[in-house]
Every structure is written in C-alpha cells, then in structure tokens.
2 protein chains.
Amino acid sequence: MIIGQRNRLQYIILGLLNQRPQTGYDLAKAFENEIGEFWQAQHSQIYPMLKRLETAGDITHEDTITGEKLAKKQYSLTPAGHEKLVTWVGEPSPELSATKDEFILKLYFIKRSDDPRLQPMLQEQAVLHRAQLAHLQQRRETVFPDQAAIDGAYGHYLILDHAIGREQYYVDWLTKFLG
Amino acid sequence: MIIGQRNRLQYIILGLLNQRPQTGYDLAKAFENEIGEFWQAQHSQIYPMLKRLETAGDITHEDTITGEKLAKKQYSLTPAGHEKLVTWVGEPSPELSATKDEFILKLYFIKRSDDPRLQPMLQEQAVLHRAQLAHLQQRRETVFPDQAAIDGAYGHYLILDHAIGREQYYVDWLTKFLG
DNA sequence: CAGAAACATGTAATTAAATACATGTTTTAA
DNA sequence: TTAAAACATGTATTTAATTACATGTTTCTG
C-alpha cells in the first residue's frame with residue numbers, strides 16, 4: 001500500500017536542473033534545504049546519478065572555473081530530460097507517503113500511560129519539533145517575504161507551507177499528551 | 001563497528017515479540033497494520049532478521065503444526081532480547097522522522113498557481129488521503145472501542161491517534177488549496 | 001594571516017530495502 | 001466441491017541509500 005521509491009531521485013534532479021543549471025554541490029544543498037522535508041539524498045548518491053543522467057542524454061554539463069582553479073560542473077537539462085520531467089509530474093501519484101519515525105515506533109512499545117519513560121520521551125520530541133517548526137517558519141519568512149515571491153515559486157511555497165503545518169501538528173499532538 | 005548502528009527493524013521485531021510470541025507471518029502482518037504507518041518491512045526482510053536475532057541469542061523459536069502439516073515457527077524473546085529492547089526504548093531519539101512523499105515532490109516543480117495540472121493533482125491526493133483517514137478512523141473504532149482497550153495498549157493507541165491526526169491534517173491542507 | 005567553514009567532486013564499502021522467485025497448506029466463500 | 005484467498009516460510013537478485021574514504025580550493029572570520 002505504501003511501498004516503493006522507484007528511482008525518484010533522477011526526477012528530483014531533473015526538476016532542480018529545470019529551474020536553473022547547477023552543480024552537484026548545489027543539488028546536495030537543495031536536499032538539505034527546500035527538498036529535505038520530503039526527500040533525502042547525499043552527494044554520494046547525487047554525483048553517480050548525474051553521470052547516469054548524462055549518459056542517458058537527459059542532462060549535459062559545462063566545465064567552469066571559480067577563482068584560480070576550482071573546477072565546477074554546471075549541469076543543465078536537455079530537451080529529452082525536460083520531456084522526461086514533464087511526463088513524471090503529469091503521472092498520477094497513487095502511493096501514500098512513506099514515513100519512518102523511530103520515536104513513534106518506541107511509543108508503540110510503551111504499554112501504559114503511567115510508564116515513567118513516556119513524559120521524558122514526549123518532552124524530548126517536543127523540543128526537537130518546536131525547533132524544526134521555528135526553523136521552517138523562519139525560512140518561510142526569508143524565502144517568501146511577499147506575494148511576488150510566492151507567485152514566482154508557487155510549488156516551493158506549497159511544500160514549505162505543508163511542512164510547517166505538519167510540524168505544527170506534530171508539536172500540537174505532543175503537547176496534547178504532555179502532562 | 002562502534003557507533004550509530006541503525007538497524008531499527010530488529011528492535012521493532014523484538015518489541016512485537018515482547019507483546020506475545022508470534023510467527024514471521026504475524027510480524028509481516030503487523031507491518032501492514034499497526035506499525036505500517038510509521039515503518040515498513042516485507043517478509044523477505046523479516047525472515048532473515050529473525051534468523052539473525054536467533055543466532056544473536058535475542059529470540060528463540062518453537063516449532064508448531066497447524067492442521068495436518070502446516071509448519072509454523074513461534075518466536076519469542078529471550079532475557080537478552082528483552083534487555084536489548086528496553087535499552088533501545090530508553091535511548092534518546094534525536095533524529096527527525098524521514099518522509100518520502102512523491103506527490104509533494106511533484107508539487108515542488110509546479111511553478112505557478114494557475115498550472116492546469118495542479119488542481120487535478122490535489123484532487124487525486126484528497127481522494128487518497130480521505131480514504132486513508134477513513135480507514136484509520138475505522139481501525140481506531142474497532143481496536144479501541146473503550147477506555148479499557150486504550151489503557152491496555154496505550155502506545156498503540158497513541159500512534160494510531162497520531163496517524164489519524166496526521167492524515168486529517170493532510171486532508172485539511174489539500175482542501176485549503178482546492179479551488 | 002591563519003584556521004575554520006564552506007565550496008566542490010568523486011569512489012568504496014556496507015547496509016537496507018524492494019522485487020521477484022519458489023513452494024506448499026489451510027480456510028473460506030461462491 | 002472447488003477455486004480463491006489467506007496462511008506460512010524461505011531465497012535470490014537487484015536497487016537504493018548510508019557511511020566512510022579521499023582530495024583539493026575558496027571564502028570568511030577572528
């Protein structure tokens with residue numbers, strides 16, 4: 001029902017490159033920032049995928065130099081890559097999101113509401129999720145200061161809004177059970 | 001190897017066996033039901049893990065026969081396995097949950113609020129998440145019909161409650177942007 | 001100006017996970 | 001009564017993902 005992440009990484013990379021040409025390093029940053037709330041990938045996954053996509057003809061790169069000799073590879077979409085991206089976005093997404101939450105798992109094994117471990121666990125998570133919520137709200141303020149910014153990257157705004165609401169729910173839920 | 005052993009699956013299995021002895025098949029079912037909202041695993045991952053845990057001395061099994069000749073292995077915790085479980089639950093969980101949501105990713109690549117693909121995408125997800133919400137609510141009614149049921153498996157109640165709230169939020173959020 | 005942090009790119013090794021293969025029994029419902 | 005669904009247990013293959021290894025440059029800050 002929930003399973004399966006069949007090579008989505010390639011599409012994310014295509015989507016990011018569709019916005020603007022960028023380096024593998026830039027892409028890795030995107031996974032720490034705007035994308036990171038809903039997908040994770042390290043540079044060790046990204047660089048090989050860039051090679052694969054280039055071999056497949058979906059992207060190309062241009063070598064540039066920063067300063068004296070720092071080599072960069074600026075990747076960009078080919079028409080084939082753009083086509084592949086558009087097709088993917090247009091397909092249905094019939095699978096529910098897969099969440100892996102270690103804290104919630106531990107909760108499952110707390111059998112009684114008066115278990116002495118319960119309240120500290122909830123407290124710990126509340127700290128964690130309040131911080132994350134504050135971080136996301138801060139980012140919304142800086143990335144989307146006005147309506148023009150929202151109109152210019154509506155999808156980005158939507159997913160940031162979704163992430164904030166999700167964290168808000170998480171904090172509210174924890175608070176509901178904090179003594 | 002000294003630090004940061006992941007391998008959460010083993011702890012989930014230990015936790016499930018701590019509730020009652022059960023078979024690999026039963027464990028696989030738990031991942032489709034109560035656990036599935038927060039962790040996923042297939043039987044092809046579970047059976048080898050049961051062997052590993054038994055070799056490690058954390059669980060043992062008893063062979064039983066159902067009917068004429070259907071062989072089952074009823075696994076149960078050893079004291080060492082119980083100790084391992086308790087230690088894991090007592091440790092902090094400092095990592096935020098990892099979510100992989102393909103739909104949200106696609107949204108990210110929708111640049112404008114009047115993109116014709118947007119509303120159908122939101123509609124499709126609303127159908128999906130409303131169904132999931134109804135399913136979870138139904139399960140809460142059947143699994144936790146009264147306070148006694150809640151008191152007897154408080155952690156399970158908590159995570160089901162969390163999952164319901166999460167789906168409710170998802171539906172509300174989608175509705176907010178449905179035209 | 002020196003050291004730290006950030007920029008930049010890759011590979012190797014390992015582990016986790018998904019999919020497919022493979023087989024057989026028991027129960028349930030048409 | 002028979003076919004489908006559910007019960008039950010594994011292995012093999014492939015792909016995804018993490019962690020560690022490996023190296024070097026540029027920019028920022030005290």
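Naming convention: chains lettered A, B, ... in sequence-line order (proteins, then strands); numbering from 1 in each chain. None of the values given here were measured: they were computed from a predicted structure.
Aromatic ring centres of A:H162 and A:F38: separated by under 6.0 Å.
Residue side chain A:S44 reaches the base of D:dT19 through a donor-acceptor N/O pair under 3.5 Å, judged by distance alone.
Defined by atom type and a distance below 3.5 Å, a donor-acceptor pair is missing between the side-chain atoms of A:Q125 and A:W173.
Between C:dG10 and A:K73, a contact under 4.0 Å exists linking OP1 or OP2 to a side-chain N or O. Put simply, B:K29 has a side-chain N or O that comes within less than 4.0 Å of OP1 or OP2 on D:dC7. OP1 or OP2 of C:dT9 sits under 4.0 Å from a side-chain N or O of A:T23. A:K100 has no side-chain polar atom (N or O) that falls below the 4.0 Å cut-off from OP1 or OP2 of C:dA16. For C:dT9, neither phosphate oxygen OP1 nor OP2 lies less than 4.0 angstrom from any side-chain nitrogen or oxygen of A:Y25. Considering only side-chain N and O atoms, B:Q45 lies under 4.0 angstrom from the phosphate OP1 or OP2 of C:dA17. Applying the 4.0 Å criterion to OP1 and OP2 of D:dT11, one finds that B:K51 has a side-chain N or O inside that range.
The separation between A:I35 atom CD1 and D:dA17 atom C1' is 17 Å, rounded to whole Å. Rounded to whole Å, the distance from CD on A:E32 to C1' on C:dA8 is 13 Å. Rounded to an integer number of Å, the gap from A:I46 CD1 to D:dA17 C1' is 12 Å. To the nearest angstrom, C1' of D:dA17 lies 10 Å from CG of A:L9. Rounded to an integer number of Å, the gap from CG of A:D26 to C1' of C:dA6 is 12 Å. Distance A:Y47 OH to D:dT23 P: 17 Å, rounded to the nearest Å. Atom pair A:H61:NE2 and C:dA8:P shows a separation of 15 Å (rounding to whole Å applied). The distance between atom CG of A:L27 and atom C1' of C:dA8, rounded to the nearest whole Å, is 12 Å.
Taking a cutoff of 4.0 Å between a charged side-chain nitrogen and a carboxylate oxygen, A:D58 and A:R52 do not qualify as a salt bridge. Under a 4.0 Å N-O distance rule, the pair A:E32/A:K29 qualifies as a salt bridge.
The side chain of A:K72 lies closest to C:dT9, out of C:dT9, D:dG10, D:dT18. For B:R52, counting side-chain heavy atoms from C-beta on, the closest listed nucleotide (C:dA20, C:dT11, C:dA16) is C:dA16. Out of D:dA20, D:dT25, D:dT9, the shortest distance to the side chain of A:H43 is found at D:dA20.
The heavy-atom pair separating A:A163 from A:E37 by the smallest distance is CB-CG, 3.8 Å.
Judged by closest nucleotide on DNA chain D, B:Y75 is the one of A:Q42 and B:Y75 placed further toward the 5' end.
For the salt bridge (Lys or Arg N to Asp or Glu O under 4.0 Å) test with B:D115, the passing option among B:R117, B:K111, B:R112 is B:R117; the others fail.
If you check every strand for non-hydrogen atoms under 4.0 Å, A:A71 touches sugar and phosphate atoms only.
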